[in-house]
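The first residue of the sequence shown is numbered 1, and numbering continues consecutively from there.
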Amino acid sequence: MDLQRPLEAALDAAVAAGEILRRDFHRPGGARGAGDKAEADLEAERLIRSRLGEAFPGWSYLGEETGRAAGRPGAPLWLVDPNDGTRDYLAGRRGSAVSIGLLAEGHPALGVVFAFAYPDDEGDLFAWAEGCGALRRNGRALSARLPEALGAGDVVLLSSTADRDPATNLRCTEPARYRSVPSIAHRLALVAAGEAAAAVSIFAPGAWDYAAGHALLRGAGAVIVDESGAEVDYGPDGASQTLRAFAGSPGVVGRLVPRPWPEVYSGPWRGERTASLARGRAVGDAALLARAQGCLLGQVAGDNLGALVEFCSAADVAARYPDGPRRLVDGGHWGILAGQPTDDSEMALTLARAVVGAGGYDEAGVLEAYRAWYRTGPFDVGDTTRAALVGYLVADSQANGSLMRASPLAVLAHSLRTGEAAELGRRDSGLTHPHPVGRPRRRARGGLRSGARLGEVGRRTGGHGRAGARRGRAAAVRRGPHRLGAGRAAERLPRAAPCPEPGGGSGRHRAPGGRHRHQRRGRGGTPGRGPRPERRPRAVAEHDPELPAPPAPGPPSAAALVLAGRRDGAGRGAARHRPP
C-alpha cells in the first residue's frame, strides 16, 4: 500500500490544526476551556476529520473529540488526538501536540506528531510512514540509534507532573535522568528521533494518545509496551488501552517496566510552586523567544562546563581541552552532574523565578528569594554573597559573583533603554556586591546588552529561530572557559593540582593554597564531593594594577568574621571554621 499521499494529507491537516490551537493559545487570558477540554480541540479535530475524510472516503476514523466514523470493512483507520496535553495547554504551558496515526492491517503504519508551540511557535514536526523513507523531524531525515541499556548520561521523558515527585521519579529512571514533556505523543516522537532513551506514561494512555508515536517508534526500530511488558496492540476497531506505557529499545523498556511507578506522587504541588507563567502571555515571536532561551541555556551550560575546570590552571585546561570544554559530563571539583548548575546559575534561576512571580524586578522580593535559596544549603556559595545573605554587606569586596547571575536581567531588559537596563544590573548587584568595581555603568550595560543579544550571535553564525538559539548558546559556551575559571583570573591563582578527569565523579583534587574564582569558601559540601580547597584571602594577585589597592589592615569586622567562617549570621561561632 502506497502511503505517500496519506502522509502528505496528514501533515497538512496537522499543521493546519496546529495553527488553530496556537492562535487560541495566545488569546489574551489564555485558551478557551477548562479541565481537560479546550474549545479549540474540537475545532482542530473537525478540520482534521474533514480533510482526511474528503481525501480518503471509505477509510475509518476514530478521534478523541468527534468519535467514530465507520469505513468499509478492512479499510485503514485514522486515530486522532487533536491536542494531546490539553491540561498543560489550558494552563499556558507549551508542549501539547497534534497526533495523527493510521492503522493498516492492525498495526500503526503512519504517524504525524506536531508540537505546534514547542519550544517556540515554529513548532516541532515529526512524520513517518511505511515505505516512505526515514523518519523526518522538521523536514530532516533522521537515523537514531537508541541505547539497549540505560546509562548515567541518558534521559527518560516523563509527564509534566514529574517534578512534583523528583525523588521517586529518579529512583524509577536510575541511572538515567528524567525530563518533563507534557504530551505523550511528543515524548514518543522525541524518543524515535533519538533525543531521549525512553519515554513513560503512567496515566492510562490509550489508542489515540500513542498510535502516531507508535508508528514513529516503529520507524526508528523501537517498541512501546504496557505495564506487563507486552507490546501494545490494537483491536479491529482500533481500540487499545494500557495502565502504563513504556517506549524505547527492548532492553531499556524491559528494565523500566518493573520499577516502582505506582509509588510516584502526581497530586497537587506540595508546598508553594516557585513560579507559573500567566495564561495568554506566552511569547509569540519565535526569534525573540529563541534568543531568550539561548541566553538562559547559555548561562547554565557555560556554568556547568566551567565547573569542569574549577581550580585548574590555564595550562591544565589548555592541555585537556584545547578548544575548551564542550561536552556536558559528570565530574569537576564538586562532582556535579552533567548539566547541573552551580551556585551562579542556581541564583540566576532564583532571580528569574522571582521576576516571573512578581511580574517585574522587585528588590525586596529578589533579596528574599536569594535568602530562601541560601537556606536550602547549596554545596558552594561565594563568600561575599554568603555574607550579604546573612546580613553583612562587604563594602570592600571586589568579587564578581553578582555578574554571574545576571542573564535573567538581560531577558527582562530586552526592550528597555540602555540606561534602564544598566540600572537593573546595578540594583541587583548592590544586593550582595556593593563595591563600585562590581557595579560600574559600562560593565552593567555591556553585560546585559550582550546577554540580551545572545541569539544575535547565533544568527550571525548562520541560523534563525531554534537553530540560532543553539548556535548562540554554543557561542556562549565557547567563551565559557575564559569567563568561568580558565582565563586571566585562573592565571593569577597558584598552580592547581591536575584537573579531574571528565566523568570522574567526586573530583577529589585540591588546589593547594588556591581559592575559587569568586573568593568562595563553601558550606561543607555533600558526602563524596571531595575536600574543599584551602582558604586564601583573595582570588586575584594583590598587586593587580586593574584593581584599587586594598585597604590597610585593621581590626576584623563582623562581616570579615563571617567571611572567615568564624561567625554565622546570628553572631555565633561557626563550627566549620578551620584556621587559615
Side-chain angles (χ1 to χ4, degrees), residues 6-56 59 61-69 78-102 110-127 136-139 160 181-189 207-213 216 277-287 289 465-466:
L7 179 60
E8 293 171 359
L11 278 166
D12 290 343
V15 171
E19 291 175 356
I20 292 174
L21 294 162
R22 187 167 50 242
R23 282 198 304 269
D24 216 55
F25 181 72
H26 285 296
R27 285 180 72 253
R32 297 162 294 154
D36 60 356
K37 292 295 180 183
E39 293 182 31
D41 291 5
L42 182 58
E43 296 166 7
E45 186 169 325
R46 284 173 175 164
L47 179 146
I48 295 170
R49 182 167 180 162
S50 173
R51 291 198 178 189
L52 297 180
E54 290 175 3
F56 304 97
W59 287 17
Y61 181 96
L62 177 60
E64 182 176 16
E65 302 299 328
T66 64
R68 183 181 300 278
W78 295 106
L79 283 168
V80 174
D81 186 344
N83 191 10
D84 183 51
T86 298
R87 287 185 180 273
D88 291 278
Y89 173 80
L90 289 174
R93 294 188 285 270
R94 296 178 182 270
S96 57
V98 179
S99 175
I100 302 177
L102 181 70
L110 176 155
V112 173
V113 172
F114 183 35
F116 51 85
Y118 183 94
D120 51 48
D121 279 11
E122 291 184 358
D124 204 6
L125 178 62
F126 304 79
R136 290 185 173 271
R137 181 180 190 181
N138 300 317
S160 60
V181 175
S183 163
I184 175 61
H186 193 203
R187 272 174 262 159
L188 301 180
W208 51 58
D209 297 313
Y210 50 63
L216 300 176
L277 298 176
R279 297 175 68 242
R281 296 290 301 277
V283 177
D285 185 336
L289 182 59
R466 290 195 308 278

Does the side chain of Asp84 pick up a donor-acceptor pair with the side chain of Ser183 at under 3.5 Å?
yes
Do you see a donor-acceptor pair shorter than 3.5 Å between the side chains of Asp88 and Ser160?
yes
Asp209 and its side-chain contact (heavy atoms from CB on, under 4.5 Å) partner, picked from Leu79, Leu188, Ile184
Ile184
Could you tell me if the side chain of [Y] sits less than 4.5 Å from the side chain of [X], heavy atoms only?
X      : Y      : result
Leu125 : Phe114 : yes
Trp59  : Leu102 : yes
Trp78  : Leu110 : yes
Asn138 : Glu122 : no
Asp285 : Asp120 : no
Glu39  : Leu90  : no
Asp24  : Arg32  : yes
Ser96  : Phe116 : yes

Do you know which two heavy atoms are closest between [X] and [Y], and how far apart they sit?
X      : Y      : value
Ala44  : Ile20  : CA-CD1, 4.2 Å
Ala16  : Leu47  : CB-CD2, 3.7 Å
Ala97  : His186 : CB-CB, 4.3 Å
Val112 : Ala127 : CG2-CB, 4.2 Å

Counting N and O atoms only, with roles assigned by atom type, does the side chain of [X] sit under 3.5 Å from a partner on the main chain of [Y], one being a donor and the other an acceptor?
X      : Y      : value
Arg187 : Pro182 : yes
Tyr89  : Leu21  : yes
Arg51  : Ala9   : no
Arg94  : Tyr118 : no

Side-chain donor/acceptor pairs under 3.5 Å, residues 61-68, sequence neighbours excluded:
residue	atom	partner	partner atom	Å
Tyr61	OH	Glu45	OE2	3.2
Thr66	OG1	Glu45	OE2	2.5
Thr66	OG1	Arg49	NH1	2.9
Arg68	NH1	Asp237	O	2.8
Arg68	NH2	Asp237	O	3.3

CG of Asp121 to CD of Glu19: how many Å apart, nearest 0.5 Å?
11.0 Å
Kindly compute the distance separating OG1 (Thr86) from CG (Asp81), expressed to the nearest 0.5 Å.
6.5 Å
Take atom CZ in Arg46; do more than 12 heavy atoms of anything else shown fall under 6.0 Å from it?
no
